[in-house]
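Every chain is numbered from 1 and lettered A, B, ... according to where its sequence line falls, protein lines coming before strand lines. Please read these numbers as outputs of a predicted model, since none were measured by experiment.
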2 protein chains.
Amino acid sequence: MQPQSPKYEQIAKEIRKRIREGVYQPKTAIPDQNTLADEFGVSRMTIKKALDGLTMEGLIYTRRGDGTYVLGDIPLKIDTNSPAEEHLGLTAELGHDRVTSKIIKFAIMFLTDELMTHLKLKKNEPVFDIIRLRLVNDKPYVLEHTYMPQKLMTDLNEQVLRHSIYSYLKENLNLKLSGAYRKIHADLSNDFDIQYLNCQAGDPILEVEQVAWLQDGTPFEYSFSRNRYNARSYTVLDISQPTA
Amino acid sequence: MQPQSPKYEQIAKEIRKRIREGVYQPKTAIPDQNTLADEFGVSRMTIKKALDGLTMEGLIYTRRGDGTYVLGDIPLKIDTNSPAEEHLGLTAELGHDRVTSKIIKFAIMFLTDELMTHLKLKKNEPVFDIIRLRLVNDKPYVLEHTYMPQKLMTDLNEQVLRHSIYSYLKENLNLKLSGAYRKIHADLSNDFDIQYLNCQAGDPILEVEQVAWLQDGTPFEYSFSRNRYNARSYTVLDISQPTA
DNA sequence: CAGTGGTCTAGACCACCCC
DNA sequence: GGGTGGTCTAGACCACTGT
């Protein structure tokens, strides 16, 4: 019991566990909110908040006037490799030791109009222009082209790039990213892709174009991640609001 | 003022409007929760719930001990054509009169193992096997291959397919979809794509593979939507939880 | 009708930020 | 310190579902 996490989180965690272990079975009702409030010794509002979270995760659903039910597994989701819900970077996603990086470009450039818009910078402000090939178990995985404002990270160096930019941000600069907007495209492989990703001319590429920002909305990254088309897919869970 | 929508929704709507109209400016603080509670004549919890929604939409951010601030526009988001957040179908997304459909296949088939898993059906249960070319302003837009359990929609017909399956579900069967899980791939165009989407041999395709389900978790659609690579992109807004 | 979840209140305490 | 947002309570009323 960590007292640092709020009660509704602890309760959500416990209910998640009961669902996972089959105490609460798919398509059946779980105890009503008053019963749960008694069991956990909290008010009903707190139970409600815990259940709201689980609803957003697609684990349960509620019917006003009826009850709260467990939703079965989502078929496509089971055999999916990368959740990709969090944008914590490749290192966090796949584990520390398996991911390495080959630095292809590490330069400072000045602004094009497009970068000015996406990074919300003024003319003549310098940005890092970084191209890295990320390898998983020494096999080429993704080609990442990243632009970051120089003023936010003055002592960025090659050592950092070889590991993880995100952990550098978090541990050295105490910056946390808080949001990202992504556009997923399909594209034709270019010479760069062919050279570094070991793909054939004409192979399709899955490209994720991303703007990521800090809590106050300051953009700190504009990037393109290019994968061979059969190496990765991007997954999304979308739960509708019953209010709409 | 619609009394049918909860107070926190109405308040969220009003604050959204103030942000849009510049009453609350980007990067500046909005009034604190107590002040807003007084202004709207509600309790602070209700204000909090309204603000939580706006936080999830990426409009504001809160700092404990400090205040609530307006987040500026998200650059990439501005010039994006299709929000694609809601999976209400193409007709709802683009307007009623512009979308037409050419029916390429409309058959009933029995289950493959893959469909059995994705639609959670038992052996020998029939499913509709539908292929439609959706056109926007008479131009080929997306090739949709859809599988649906027959038992859920017994009187599905060609007339429905020519318009919108989703509005048929909603209006005739009173079924609402409540969630979807998607995998976005890049793929090589196949003969079908070349024939119907007017693309060249070797063109990449953006494919969205989707399982969609009703409120109780019953899957009612497993589909593949294939777009020409330069015709559409898929967009995602991802807001991190500060709890994590 | 009884029982359920959805909303809302008035107040409380705490963690946190800035001065 | 004083002011902020995050959590939590005990109770209330309502909307809705089943019977």
Side-chain angles (χ1 to χ4, degrees), chain A residues 1-15 24 27-56 59-71 174 176 178 214-216 239-244, chain B residues 1-13 15 24 28-56 59-71 174 176 178 214-216 239-244:
Chain A
M1 183 97 70
Q2 311 103 304
Q4 64 249 37
S5 80
K7 289 186 187 176
Y8 69 85
E9 270 287 352
Q10 298 175 32
I11 292 168
K13 191 173 173 181
E14 171 62 24
I15 295 177
Y24 300 150
K27 299 270 183 177
T28 65
I30 72 173
D32 66 85
Q33 295 181 359
N34 282 310
T35 305
L36 289 171
D38 285 349
E39 188 205 321
F40 288 102
V42 299
S43 84
R44 189 161 77 92
M45 284 286 287
T46 303
I47 295 294
K48 178 62 165 47
K49 187 149 191 192
L51 297 182
D52 280 347
L54 300 177
T55 301
M56 280 311 166
L59 284 177
I60 60 174
Y61 69 100
T62 56
R63 293 217 317 147
R64 189 199 199 99
D66 186 0
T68 302
Y69 297 83
V70 178
L71 209 62
N174 200 27
K176 285 173 296 185
S178 102
L214 306 174
Q215 196 188 30
D216 70 349
I239 308 285
S240 302
Q241 307 288 9
T243 15
Chain B
M1 186 94 69
Q2 312 102 306
Q4 65 249 37
S5 80
K7 289 185 187 177
Y8 68 85
E9 272 286 355
Q10 298 175 32
I11 293 167
K13 192 173 173 181
I15 295 176
Y24 300 150
T28 66
I30 73 173
D32 66 84
Q33 296 181 359
N34 282 309
T35 306
L36 288 171
D38 284 349
E39 188 205 321
F40 288 102
V42 300
S43 84
R44 190 161 76 91
M45 285 286 288
T46 303
I47 295 294
K48 177 63 165 51
K49 187 148 192 194
L51 296 182
D52 279 347
L54 300 178
T55 301
M56 281 310 165
L59 284 177
I60 60 174
Y61 70 100
T62 56
R63 293 215 320 147
R64 189 201 200 100
D66 185 1
T68 302
Y69 297 82
V70 178
L71 209 62
N174 201 27
K176 284 174 296 185
S178 102
L214 306 174
Q215 196 187 29
D216 70 349
I239 308 286
S240 302
Q241 307 288 9
T243 15

**Fill in**
Each base of DNA chain C marked ( ) or [ ] if paired in-strand (Watson-Crick or G-U under 3.5 Å), | if paired to another strand and . if unpaired gives .|||||||||||||||||.
**Prompt:** Does the side chain of A/Y8 get closer than 4.0 angstrom to OP1 or OP2 of D/dT7 through an N or O atom?
**Reply:** yes
**Fill in**
Hits for salt bridge (charged side-chain N to carboxylate O under 4.0 Å, His left out) against A/K48, two or more places apart or cross-chain, chain-then-number order -> A/D52
**Message:** Less than 4.0 angstrom between a side-chain N/O of A/K49 and OP1 or OP2 of D/dT7, yes or no?
**Reply:** yes
**Item:** Rounded distance (Å) that lies between atom P of C/dT7 and atom CD1 of B/I47
**Value:** 15 Å
**Request:** Would you kindly give the CD-to-C1' distance between A/Q215 and D/dT4, to the nearest whole Å?
**Result:** 14 Å
**Message:** Without decimals, in angstroms, what is the distance between B/L51 CG and D/dT4 P?
**Reply:** 14 Å
**Any donor-acceptor N/O pair, A/Q10 side chain to A/S5 backbone, under 3.5 Å** = yes
**Prompt:** Taking the side chain from B/T46 and the backbone from B/V42, do they hold a donor-acceptor pair closer than 3.5 Å?
**Reply:** no
**Message:** So, OP1 or OP2 of C/dT4: does either fall under 4.0 Å of a side-chain N or O from A/T68?
**Reply:** no
**Request:** Look at the side-chain N and O atoms of A/K48 and state whether any lies under 4.0 Å from the OP1 or OP2 oxygen of C/dG5.
**Result:** no
**Request:** May I ask you to check whether A/T35 and A/D38 show a side-chain donor-acceptor distance below 3.5 Å?
**Result:** no
**Asked** Just wondering, do B/I30 and B/V70 contact through their side chains at under 4.5 Å, heavy atoms?
**Response** yes
**Prompt:** What is the distance, rounded to the nearest whole Å, between atom CD of B/Q10 and atom P of C/dG6?
**Reply:** 19 Å
**Separation of D/dC8 P from A/D52 CG (nearest whole Å)** = 14 Å
**Asked** Would you say B/D32 and B/T68 make side-chain contact, with heavy atoms under 4.5 Å?
**Response** no
**Asked** Hey, is the side chain of A/T46 poking within less than 4.0 Å of OP1 or OP2 on D/dT9, counting only N and O atoms?
**Response** yes
**Request:** May I have the distance from B/D216 (atom CG) to C/dG5 (atom C1'), rounded to whole angstrom?
**Result:** 17 Å
**Request:** Specify the residues of residues 29-43 of chain B, ordered by number, for which at least one heavy atom lies under 4.0 angstrom from an atom of DNA chain D.
**Result:** B/D32, B/Q33
**Request:** Check B/A12 against B/A50 and note the closest heavy-atom contact, atom names and distance.
**Result:** N-CB, 4.0 Å
**Prompt:** Can a side chain N or O of A/T62 be found less than 4.0 Å away from OP1 or OP2 on C/dT4?
**Reply:** no
**Request:** Check whether any side-chain N or O of A/K7 sits under 4.0 Å from OP1 or OP2 of D/dG6, and answer yes or no.
**Result:** no
**Message:** Rounded at 0.5 Å granularity, tell me how far CD1 in A/I15 sits from OH in A/Y8.
**Reply:** 14.0 Å
**Item:** By side chain to side chain donor-acceptor pair (under 3.5 Å) - contacts of A/D216 (at least two apart)
**Value:** A/T218
**Item:** Letter per nucleotide, 5' to 3', of nucleotides 11-19 of chain C [B base touched, S only sugar-phosphate touched, - untouched; heavy atoms, 4.0 Å]
**Value:** -B--BBBS-
**Sidechain-backbone polar pair: A/Q215 side chain, B/R63 backbone, donor-acceptor under 3.5 Å** = no
**Check: A/T28 and A/Y69 side chains under 4.5 Å, non-hydrogen atoms** = no
**For B/L71, all residues meeting side-chain contact (heavy atoms from CB on, under 4.5 Å), sequence neighbours excluded** = A/W213, B/Y61
